[in-house]
Amino acid sequence: MDYVNTFRYRGSDVRVYAGKDALGNLKAEAERAGATKVFVVCGQSVAHRTDLLARIGEALGERYVGAFDGVQASSPLPSVLAGAQAARKAGADMLLAVGGGSAIVTARAITIVLAEGDDVHKLCTQYPPGKPPVSPRLAKPKLPIVNVLTTPTTAMNRAGTAVLDPASSHRLELFDPKTRPAAIVMDAQALLTAPVALARSTSVACLSDAATSVAATPPNPLGDGDSVQALRLVMAYLPRLVREPDNADARVMLTTAAFLCNRGADAEGGGSGQFGVVRSLAHCLASRHPRVGHGGAYAIVTVPCLRFNLAETLPGQARLAEALGARAGGMSDEEAAKAGHAAIEGLLRGVGMPLRLGEAGVPREACDAVAADAMTDFFLFRNARKIRDAGELAEVLRGAY
């Protein structure tokens, strides 16, 4: 039989509201879910430096029963447990995650704790020595979630959640498709509340996701269109975001790109799996060195990881160069791939992102600890190039110093 591309796809039922006054749809979402006690999960900035809680209260009326404003970067376990306790006390029957990735991840984790219990170490993905990771089945019903975004975060529509264990600086991974949101709100005014540096950071993570999905080899035809369009939107609007921080349309379009990244990733076998090394190193780098930031971690590791996977994904990386407009006539696939790497680095440099660990203040000796931590990150196990040991990952990081 001739070659036939084999692929899968899984979608999720979600409503998306975008543009001016999109928060006005919250009441209808609560009514649709039969929710009478909607509880907000957010951070201090959203709660005390924006008018979002007042706007949400106005939109929901008596259905709004309060907020937990203790969300922290990387969703540390103590804040998740405190949020679950607050939601339980409020009698919440729907959660509204308001903010960026940390608020969304924290809300997902809260729904799991409320339903399954608070011993997260028993609920999280396990890593038996020498065997594939195992995610416990979390079968109990979960509260519905609506995500109100303030940044273009790719966390917006995922089923996986990771909370930080402060005792070990290790991420505890939780997986439950029932924690995907019922709706996503891309309210233009809400998106303008985030500092431009934060919006840029999450957009860079989206750029990485889109680029690695486009580089999938072979591409999944059900996800490829989403990934290419996400890449186009980021290329067009990320520089505009930096030039025009108050441009609401740029923020809405970058948030749309992040949604498309997620939908493209739902096409199984896509780049988010083949380039699991990118996510694993970025996750662990940002968790261990918060000063680097989410976007900074992706900016530093994306191109080194593309190089690491080059032999296994060369045709896809050549396609990526074409999508970036970096492939000139007569270039071989390898030459095109290198031109694509340079184009990504040029875009990142142009918006002020670090490309080297040293620039971000990470000591060279930290490479080994980050690499060891990444060996128990779920995404690593689907990487196109099989990872033999942590030493290989440490070399990737040292190459980015």
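Note that these values count all heavy atoms, side chains included, but never hydrogens, waters or copies made by symmetry. Count residues from 1 along the sequence.
Atom OG1 of residue Thr202 and atom CE of residue Met156 lie 8.5 Å apart, to the nearest 0.5 angstrom. In this structure, OG on Ser213 lies 9.5 Å from CG on Asp226, to the nearest 0.5 angstrom. Taking CZ of Arg388 as the start and CG of Leu393 as the end, the distance is 10.5 Å to the nearest 0.5 Å. Atoms CD1 and CG, from Ile104 and Asn147 in turn, are 4.0 Å apart once rounded to the nearest 0.5 Å. Taking OG1 of Thr151 as the start and NE2 of His294 as the end, the distance is 8.5 Å to the nearest 0.5 Å. Atom-to-atom distance recorded for Arg327:CZ and Arg319:CZ is 11.0 Å, nearest 0.5 angstrom.
Atom CG of Asp13 has 12 or fewer neighbouring heavy atoms from other residues, nucleotides or ligands inside a 6.0 Å radius. For Lys338, the NZ atom counts as loosely surrounded, since its 6.0 Å shell holds 12 or fewer non-hydrogen atoms of other residues, nucleotides or ligands. For Lys178, the NZ atom sits in a packed shell: over 12 heavy atoms of surrounding residues, nucleotides or ligands are nearer than 6.0 Å. Atom CZ of Arg243 sits in a crowded spot, with more than 12 heavy atoms from other residues, nucleotides or ligands closer than 6.0 Å. Under a cut-off of 6.0 angstrom, the local environment of OH in Tyr64 is crowded, with over 12 non-hydrogen atoms contributed by other residues, nucleotides or ligands. Around atom CD of Gln85, no more than 12 heavy atoms belonging to other residues, nucleotides or ligands sit under 6.0 Å away.
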The test is side-chain contact (heavy atoms from CB on, under 4.5 Å); show your working for Leu81 and Val113 and say whether it passes.
CA-CA 7 Å; Leu81 297 179; Val113 168; 4.2 Å; yes

side-chain hydrogen bond (donor to acceptor under 3.5 Å, both in side chains), that's the test. Do Ser102 and Ser75 meet it? Break it down for me.
CA-CA 6 Å; Ser102 294; Ser75 302; 4.6 Å; no

Test side-chain contact (heavy atoms from CB on, under 4.5 Å) applied to Cys124 and Asp165, step by step:
CA-CA 11 Å; Cys124 69; Asp165 182 357; over 6 Å; no

What verdict does the side-chain contact (heavy atoms from CB on, under 4.5 Å) test give for Leu233 and Gln229, after you've listed the backbone C-alpha separation in whole Å, the side-chain angles of each residue and the deciding distance to 0.1 Å?
CA-CA 6 Å; Leu233 289 174; Gln229 176 66 357; 3.9 Å; yes

Could you check Thr212 against Gln274 for side-chain contact (heavy atoms from CB on, under 4.5 Å), going step by step and ending with a plain yes or no?
CA-CA 8 Å; Thr212 52; Gln274 292 184 20; over 6 Å; no

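With salt bridges taken as basic N to acidic carboxylate O contacts below 4.0 Å, none links Arg55 and Glu58. Salt bridge annotation for Arg349-Glu359: present, with a cationic side-chain nitrogen under 4.0 angstrom from a carboxylate oxygen. Comment: Glu345 engages Arg307 in a salt bridge, judged by a side-chain N to carboxylate O separation of less than 4.0 angstrom. Looking at Asp377 and Arg171, a side-chain N of the basic residue comes within less than 4.0 Å of a carboxylate O on the acidic one, giving a salt bridge. Using a cut-off of 4.0 Å between Lys/Arg side-chain N and Asp/Glu carboxylate O, Asp368 and Arg398 are scored as salt-bridged. Checked for salt-bridge contact, Arg251 and Asp246 miss the test: no charged N lies under 4.0 Å from a carboxylate O.
A 4.5 Å side-chain heavy-atom check between Leu397 and Leu281 finds at least one atom pair inside the cut-off. Two residues are said to be in side-chain contact when any heavy atoms from C-beta on lie closer than 4.5 Å; Phe308 and Ile387 meet this criterion. Between Ile56 and Leu26 there is a side-chain heavy-atom pair separated by less than 4.5 Å. Residues Thr313 and Phe275 meet the side-chain proximity criterion, which asks for heavy atoms closer than 4.5 Å. Looking only at side-chain heavy atoms (C-beta outward), Phe379 and Glu173 stay at 4.5 Å or farther from each other. Two residues are said to be in side-chain contact when any heavy atoms from C-beta on lie closer than 4.5 Å; Arg15 and Asn25 fail this criterion. Two residues are said to be in side-chain contact when any heavy atoms from C-beta on lie closer than 4.5 Å; Gln189 and Asp21 meet this criterion. In this structure, the side chains of Leu347 and Pro239 come closer than 4.5 Å at one or more pairs of heavy atoms.
Listed for the Asp333 side chain is no donor-acceptor partner under 3.5 Å among the backbone atoms of Ala318. Counting only distance, with no hydrogens or angles, the side chain of Glu116 and the backbone of Leu114 share no donor-acceptor pair below 3.5 Å. Panel note: side chain Thr111, backbone Arg108; a donor-acceptor pair is recorded below 3.5 Å. Asn262 contributes no side-chain N or O that, together with a main-chain N or O of Ala265, makes up a donor-acceptor pair within less than 3.5 Å. Counting only distance, with no hydrogens or angles, the side chain of Thr217 and the backbone of Ala215 share a donor-acceptor pair below 3.5 Å. Remark: the backbone N or O of Ala30 is not paired with any side-chain donor or acceptor of Arg63 at under 3.5 angstrom. The closest donor-acceptor contact from the side chain of Lys142 to the backbone of Lys140 lies under 3.5 Å. A donor-acceptor contact shorter than 3.5 Å is absent between the side chain of His48 and the backbone of Gln44.
Contact between Thr153 and Gly100 at its shortest, heavy atoms only, is CG2-C, 4.1 Å. Gly295 and Ser201 get closest at one heavy-atom pair: N-OG, 2.7 Å. In this structure, Ile112 and Leu123 approach most closely via the heavy-atom pair CG2-CD1, 4.1 Å. Across all their heavy atoms, Ser203 and Leu241 have their closest contact at OG-CD2, 4.3 Å. In terms of heavy atoms, Cys261 sits closest to Asp209 at SG-CB, 4.0 Å. Minimum heavy-atom separation, Pro144 to Asp93: CD-O, 3.4 Å.
Between His283 and Tyr298, the two ring planes are perpendicular [angle over 60°; tilted spans 30° to 60°].
Screening Glu312, Glu334, His341 for a side-chain contact (heavy atoms from CB on, under 4.5 Å) involving Gln317 leaves a single residue, His341.
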